[in-house]
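The structure appears right after this line, and notes come after that.
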Amino acid sequence: MAVESMTPWGRPDDRDESLSIRVLCHELRTPVRALAALTRALAEQPALTTPDRRAIAALAHEHAVHLGALLDDLGGPGGPGEPEPPRRVPLAAVVRAVTAGAGPGVRARIGRTAAGLPVPEQHVRQILTNLVDNARCHGPAGDEVVVRAAARGSTLTLSVLDRGGPCPTLRAALARPAPSATGHGLGLWIVRRLVDTYGGTVGARRPRGGGLAVDVRLPVPVRPVPSGTRVGPGGPPQRAPGRGQHR
């Protein structure tokens, strides 16, 4: 199989069916919720202007396309056989889709160089969506979540910051080689699996201003690497200092 056709879940014949179903169900939750909210807005808000309706319909279409890509990648209906090469789009478009689908309280800061960097749309979207969902679920209720992206030299850094504090379970979830039997931390395991596919690293740190940042570092250009190859910068995930009930 060509490197560009690699999928983080392995070939169909060596894939654990139960795990595939768990991953699929987990990854479908966010786009399905977003589609429900968007279509409800179209149906229940007759005062929407035509431009607003077009914008909502376009966002709903993006989520529907993402759902189809998830099914293809995980070998669901419409996705048997070899996976398609990942669709590459500017990073700014992926971040915009993630923040728009996450609802209020999520904002983005993207460096100029990073904004135009071509990235595999679906997998980077999954990485950011899982990190944002984790921050919103386990960080302080109602607090802001910030998505940052910066490209320096041969490294792209994606960061999701919140005002929560870390705990040992965060480090365990990021480093776990296989998902927990209880299902806890599945989103973070998915992030780690995707990051490994692109030769990157993921870790947590305490920013100077407090709170928690989870950083994903990917080599540029962002392309899949042969299984078992790790070429990204950094090292094993590090637990940020401090106390809290995060994750």
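Because the structure is predicted, anything quoted here is derived from the model rather than measured.
Distance check: Arg88 CZ to Gln122 CD gives 13.0 Å after rounding to the nearest 0.5 Å. The distance from the CZ atom of Arg96 to the CG atom of Leu91 is 10.5 Å, given to the nearest 0.5 Å. Rounding to the nearest 0.5 Å gives a distance of 8.5 Å between OG1 of Thr113 and CG of Leu117. In this structure, OG1 on Thr157 lies 8.0 Å from CG on Leu218, to the nearest 0.5 angstrom. If you take OG1 on Thr197 and CZ on Arg192, they are separated by 11.5 Å, rounding to the nearest 0.5 Å. The distance from atom CD1 of Ile110 to atom OG1 of Thr99, rounded to the nearest 0.5 Å, is 7.5 Å.
In this structure, Val225 and Asp196 approach most closely via the heavy-atom pair CG2-O, 4.0 Å. Between Arg205 and Leu212, the shortest heavy-atom distance links the atoms O-CD1, 3.5 Å. Minimum heavy-atom separation, Arg223 to Tyr198: C-CD2, 3.2 Å. Residues Pro219 and Gly199 share a closest heavy-atom pair of CD-O, 3.6 Å. Across all non-hydrogen atoms, the minimal contact from Arg148 to Leu161 is CD-CD1, 3.7 Å. When all heavy atoms of Ala108 and Val95 are compared, the closest pair comes out as CB-CG1, 3.5 Å.
Side chain of Thr155 to backbone of Ala151: no donor-acceptor contact under 3.5 angstrom is found. Put simply, the side chain of Asn130 gets close to the backbone of Gln126: a donor and an acceptor are under 3.5 Å apart.
Using a 4.5 Å cut-off between side-chain heavy atoms of Ile, Leu, Val, Met, Phe, Trp and Tyr, with links allowed through other members, Val214 and Val146 fall into different hydrophobic clusters.
Atom CZ of Arg54 has 12 or fewer neighbouring heavy atoms from other residues, nucleotides or ligands inside a 6.0 Å radius.
If you run side chain to side chain contact (heavy atoms under 4.5 Å, CB included) between Val98 and each of Thr129, Val124, Val106, only Thr129 comes through. For the side chain to side chain contact (heavy atoms under 4.5 Å, CB included) with Val160, the lone residue among Ile127, Val132, Asn134, Val191 that qualifies is Val132.
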For this session: For side-chain contact (heavy atoms from CB on, under 4.5 Å), just list the numbers for Val216 and Leu194, CA-CA rounded to whole Å, side-chain angles, deciding distance to a tenth of an Å, and then say yes or no.
Result: CA-CA 10 Å; Val216 169; Leu194 289 166; over 6 Å; no
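When only modelled atom types and interatomic distance are considered, Asp215 and Ser159 share a side-chain donor-acceptor pair under 3.5 Å.
Checked for salt-bridge contact, Arg163 and Glu144 miss the test: no charged N lies under 4.0 Å from a carboxylate O.
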